[in-house]
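One structure below.
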Amino acid sequence: MTINIRFLPDDVTVNAEVGESLLDVADRAGVSIPTGCLMGSCHACTVELDDGEVIRACITPVPPGKEELTINLFSDPTW
Ligand code: FES
């Protein structure tokens, strides 16, 4: 099952498999999500979904049950 993932503010949309790592998807889209620990503890990779939910991309796979997902990259992550 695939869904469309749209990255803002660049406005790039790519196709992704459910369960795929969001970092891999972003990479394929040519979008770079800042990362640090890759283990869910530093919050460097924090992005926001279209429903306002804030997630850490390094520990979040593409969720099932949606046809489209919009991911907002914070242009100014707070460390
Ligand atoms: S890279 Fe550290 S929380 Fe994701």
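Just so you know, ligand 1 is whichever comes first in the structure, and atom 1 is the first atom listed for that ligand. Scope of the values below: all heavy atoms of this structure, side chains included, with no hydrogens, waters or symmetry mates. Numbering starts at 1 and runs along the sequence shown.
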- side chain to side chain contact (heavy atoms under 4.5 Å, CB included) between Asp51 and Lys66: does it pass, once the steps are laid out? CA-CA 12 Å; Asp51 60 4; Lys66 297 194 182 204; 4.2 Å; yes
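- For atom 2 (Fe) of ligand 1, the neighbouring protein N/O/S atoms at less than 2.8 Å, given as residue and atom, are Cys37 SG, Cys42 SG.
- Gly40 approaches Cys58 most closely through the heavy-atom pair N-SG, 3.4 Å.
- Contacts of Glu48 classified as side-chain hydrogen bond (donor to acceptor under 3.5 Å, both in side chains), with partners at least two apart in sequence or in another chain: none.
- Scanning for side chain to side chain contact (heavy atoms under 4.5 Å, CB included) contacts around Glu67 gives an empty result, with sequence neighbours left out.
- Partner of Leu22 under the side-chain contact (heavy atoms from CB on, under 4.5 Å) criterion, out of Ile71, Ile59, Asp27: Ile71 alone.
- Legend: residues meeting side chain to side chain contact (heavy atoms under 4.5 Å, CB included) with Asn4, ordered by chain and number and at least two apart, are Thr13, Asn15, Glu68.
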